[in-house]
Each structure stands twice: as C-alpha cells, then as structure tokens.
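Working notes, structure below.
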Protein chains: 2
Amino acid sequence: MEKIKVLIADDHQIMLDGLRAILNKDKSIQVVGKASNGLEALEFLKKEVVDVILLDLQMPVMDGLETTMHIKKSFPEVKIIMLTTNDEGSIITSLFKAGATGYLLKNASKEYLIKGIKDAHEGKKVISSHLTEKMIESLTQDPKKGNDGTKPIITKREIEVIKLIAQEYTTQEIADQLFVSTNTVATHKRNLFVKMDVKNSVGMVKKAVDWGLI
Amino acid sequence: MEKIKVLIADDHQIMLDGLRAILNKDKSIQVVGKASNGLEALEFLKKEVVDVILLDLQMPVMDGLETTMHIKKSFPEVKIIMLTTNDEGSIITSLFKAGATGYLLKNASKEYLIKGIKDAHEGKKVISSHLTEKMIESLTQDPKKGNDGTKPIITKREIEVIKLIAQEYTTQEIADQLFVSTNTVATHKRNLFVKMDVKNSVGMVKKAVDWGLI
DNA sequence: GAAGACATCACACAATTGTGTGATACTGAT
DNA sequence: ATCAGTATCACACAATTGTGTGATGTCTTC
C-alpha cells in the first residue's frame with residue numbers, strides 16, 4: 001500500500017520533531033518534509049508530492065490562513081489540516097472557506113491526529129469535537145451583529161496600525177510614525193473596531209493576537 | 001545504568017505524545033508519567049520518584065511558575081525544566097528564583113532538549129541560547145525603571161480587574177460588577193501599570209496574556 | 001504593636017480615545 | 001466607465017482613560 005505523504009509546518013522545532021516521531025510509528029503514514037513557516041511549506045510543495053499537510057495556524061512569515069489560500073490556489077489536491085492551540089470559533093469558518101480540510105486542537109490525542117490524517121486523505125472533513133460546538137455557535141449567531149463567523153479581511157495598513165497600538169503607542173505617536181494625520185489613524189481604528197467586532201483597542205489587540213495577525 | 005526518570009506536564013495532548021516519542025528514543029531517558037497541568041504533576045510526584053520534570057509555562061489550573069514553587073517546596077531534589085513558546089525576558093529571573101533548573105523554548109531542537117535533560121539531571125542550569133541574551137538584557141536594565149526583570153506579584157483582585165479589562169469592559173462597568181467605586185478600579189489599574197511596567201490597558205492585557213495571568 | 005501590603009475611596013484635571021458625519025483621491029476589477 | 005475598496009483628512013464632541021495626591025480600615029507578619 002502506498003503511504004500517505006505528510007508535510008509538517010510548525011514554527012516550533014520540538015513540535016516538528018514530536019509530530020514526526022508520532023506519525024512515523026504509523027505504517028501507513030510517511031513524513032516527507034518539515035517547514036517552519038508557510039512560505040517554506042509552499043516551497044516544499046513546488047518540489048515534492050504531498051498528500052496531507054499539517055499546518056500550524058500561528059506562524060511567523062506566513063500564517064496558516066494565508067498559507068491555506070496560497071496552497072489551494074496552486075495545489076488544490078493537497079489536503080490541509082490546521083493545527084492550533086486557539087479555539088476562537090470565529091476563525092474556523094474562514095479556514096474552511098479558504099479550503100482547509102481539517103481543524104484540530106493541539107490537545108487532541110495522537111490517535112485522533114492519525115485518524116484525522118487518514119480521514120483527510122480520503123477527502124473527509126476533520127474537526128476537533130470541542131470545536132464543533134463553537135462552530136455551530138458562531139454559525140447560528142445573530143447576523144445583525146455583523147459577525148457571520150468569518151474572519152474579515154484586514155489590510156496591510158490596518159495591520160501596521162494594530163501592531164503599533166499593541167506596542168502601546170498613542171494615536172498621535174502612530175500618526176507621526178506613519179506620516180499621516182491623527183484623523184487617519186483614528187479612522188483606521190474605527191474601521192477595525194467594526195470589522196473585528198470589538199469595542200476598544202484592548203479587545204482589538206487581544207483578538208489580533210488570537211487570530212495570529214501580529 | 002539507571003535511566004533518568006522524566007515527568008512531562010503540558011496541557012496539549014499532542015505535545016505530550018510528541019515529547020514522549022522523542023524522549024523514549026534515548027536509551028538513558030525514561031518517561032515515567034504525563035500530566036496536563038501543574039496540579040496533576042504535583043499529585044504524580046507524591047506517588048512516584050522523578051528526576052527531571054518538563055513543565056509547560058502556560059497551563060490552566062496551575063501554571064508553570066506556581067507549580068515550580070510548589071514542587072521546590074515539597075520535592076526540592078527534583079530538577080525542573082520550563083518549556084515555553086514565550087520569550088518574554090522578564091519572567092525568566094522569576095522562574096530561576098522560584099527554583100527552576102532550566103528554561104527552554106519550544107523551538108529548540110530535540111537534540112538540545114535531550115542534552116538539556118541530561119545536563120539538568122547533573123545539576124547544571126539549562127537555558128535556550130536565544131534567551132541568554134534577553135536575560136542579560138533584563139538584568140542590566142536601568143533599575144530606576146522599576147523593572148529588575150522579576151515578574152511582580154499581582155494580587156487576586158488585580159487579576160479580576162485585568163480579566164474584566166481584557167473583556168472590553170469600561171472602568172464604570174468593572175466597578176459595577178465588583179461592587180466598588182470607579183476610583184477603586186482606577187487605582188487598581190494605576191498600580192498595575194507601575195507593577196507591570198506598561199503604559200496603558202492595551203500593554204497590560206498583552207503582558208498579562210504573555211505571563212499566563214489570564 | 002509597628003510595618004507593610006492590600007483594598008477601598010475622593011476629587012480634580014489633563015490626555016487620549018472613540019464616534020458621528022462627510023469628503024477627496026487612487027486603484028483594481030468588472 | 002463604473003464601482004467597491006483603500007487610504008487619506010477635517011471638525012466637533014462625548015466618553016473614557018490616565019495621573020497626581022492624599023486618605024482610611026483591615027490583615028498579616030515580624
């Protein structure tokens with residue numbers, strides 16, 4: 001029988017080593033490569049055939065969501081399982097829309113993970129049981145609230161603003177650094193509050209961290 | 001030769017499985033148990049002999065710092081290696097003061113981890129090379145700034161306040177929920193800003209998350 | 001029983017944030 | 001060529017946050 005070729009992408013070396021050690025024990029799975037961010041994963045796909053990719057949601061350089069979109073564009077046949085510590089319900093829908101096949105929490109068991117890889121390889125959708133509930137919750141939310149459970153598109157400029165806010169800069173200081181007026185920064189913040197469905201900067205920064213934006 | 005008895009404590013099942021798989025490959029190391037939080041780790045120590053404990057810093061129920069203090073009190077001979085994704089320099093000093101033997105980032109390699117366990121068992125201090133720099137930095141900081149690199153003591157009441165701020169409540173709303181005046185809440189915030197060496201609520205919440213406080 | 005940490009509150013004021021409303025200009029996609 | 005999205009800015013005003021200063025009662029701990 002042909003083994004399932006798996007690529008692992010995670011920015012933590014120990015996680016990479018650990019996952020490889022777990023998966024290599026299963027006869028039907030073969031770990032063919034490792035990557036420490038989304039960009040490396042894409043590079044690897046250009047050179048070698050992969051069936052399933054395990055992708056960490058929180059990664060520097062290119063995060064899980066962005067990587068998923070790129071992979072699905074260039075390699076639509078590859079199955080993607082997102083691995084995360086984050087149980088933010090609101091991002092799940094975005095991931096599946098982007099083309100992810102599965103979404104597993106890192107506190108899943110190794111058996112569940114292996115089963116997930118096999119299921120994904122057969123084309124089945126995979127999701128942590130803890131998350132099913134959250135997902136349904138986010139789908140059945142009041143649509144008037146503007147939160148349809150989808151992670152909104154945050155522009156590059158907006159990310160710049162969020163990062164500076166997270167570094168405790170005031171609106172004035174941010175305006176100076178970006179060479180724009182305070183009104184502009186205030187407008188960016190205002191737009192972000194609506195997009196991200198938060199009430200203030202604290203909530204915004206917290207959610208941005210949860211989403212792996214900064 | 002007697003094997004080094006290792007206990008692993010991490011709230012992520014996959015991390016536990018992965019670490020066990022990595023460590024079991026080394027002939028001189030034996031994983032004798034697993035725990036998914038600090039409390040479980042302590043319970044385990046009461047029943048079995050352990051040489052080295054790998055402790056995740058971020059855990060629910062009882063975090064790494066608190067667990068370290070408890071372990072050192074009851075089982076001073078056990079070596080503790082802290083594992084973390086967090087490279088906040090300011091917490092390292094606290095950990096060593098509490099009695100930790102090592103502090104490794106999760107993006108260390110498996111070789112480094114195994115060497116770390118062996119070194120710790122021999123009584124050597126272990127630290128990620130990435131962190132040495134940060135630690136020295138935090139030690140040589142201007143003491144006038146009130147930041148001596150030690151994580152300050154945050155009281156229960158203050159934690160309550162931080163949690164509510166992180167949930168986007170205003171000072172008024174927090175005061176109502178805690179049945180105190182807004183002045184009191186303002187004072188708590190003011191004290192926290194100084195203790196945690198931050199400029200505003202955004203910085204405070206971010207650092208609280210980094211420190212595993214909330 | 002004095003010292004120190006904790007939690008509570010007051011009052012005033014400056015600084016900053018957040019909101020409402022409207023406008024201009026550029027860009028890329030249909 | 002039009003439209004949607006992005007980025008920019010203005011002005012005004014309300015709300016909230018942050019700061020300076022000082023005070024009181026309680027509870028450990030030494």
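Chain letters run A, B, ... following the sequence lines, proteins first, then strands; residues in each count from 1. On a predicted model such as this, the values are computed, not experimentally measured, just so you know.
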Describe the nucleic acid contact of [X] in one word from base, sugar-phosphate, nothing, applying a heavy-atom distance below 4.0 Å.
X	value
N200(A)	sugar-phosphate
T184(A)	base
K199(A)	nothing
R157(A)	sugar-phosphate

For this session: Taking only the side-chain nitrogens and oxygens of S201(A), find out if one of them lies under 4.0 Å from OP1 or OP2 of dG18(C).
Result: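 Yes, within the criterion.
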Exercise. Does dC9(C) have OP1 or OP2 sitting under 4.0 Å from an N or O in the side chain of T182(B)?
Worked result: no
Looking at [Y] and [X], is there a salt bridge between them, counting it only when a charged N and a carboxylate O are closer than 4.0 Å?
X	Y	result
K195(A)	E158(A)	yes
K106(B)	D10(B)	yes
K115(B)	D119(B)	yes
K163(A)	E160(A)	no

For this session: Specify the residue among R190(B) and T155(B) whose closest nucleotide of DNA chain C lies further upstream toward the 5′ end.
Result: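 In this pair, the answer is T155(B).
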For this session: Nearest whole angstrom, please: distance from the C1' of dT8(C) to the CG of N183(B).
Result: 10 Å
Exercise. dT19(D) P sits how many Å from L192(B) CG, rounded?
Worked result: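 One finds 12 Å between P of dT19(D) and CG of L192(B), rounded.
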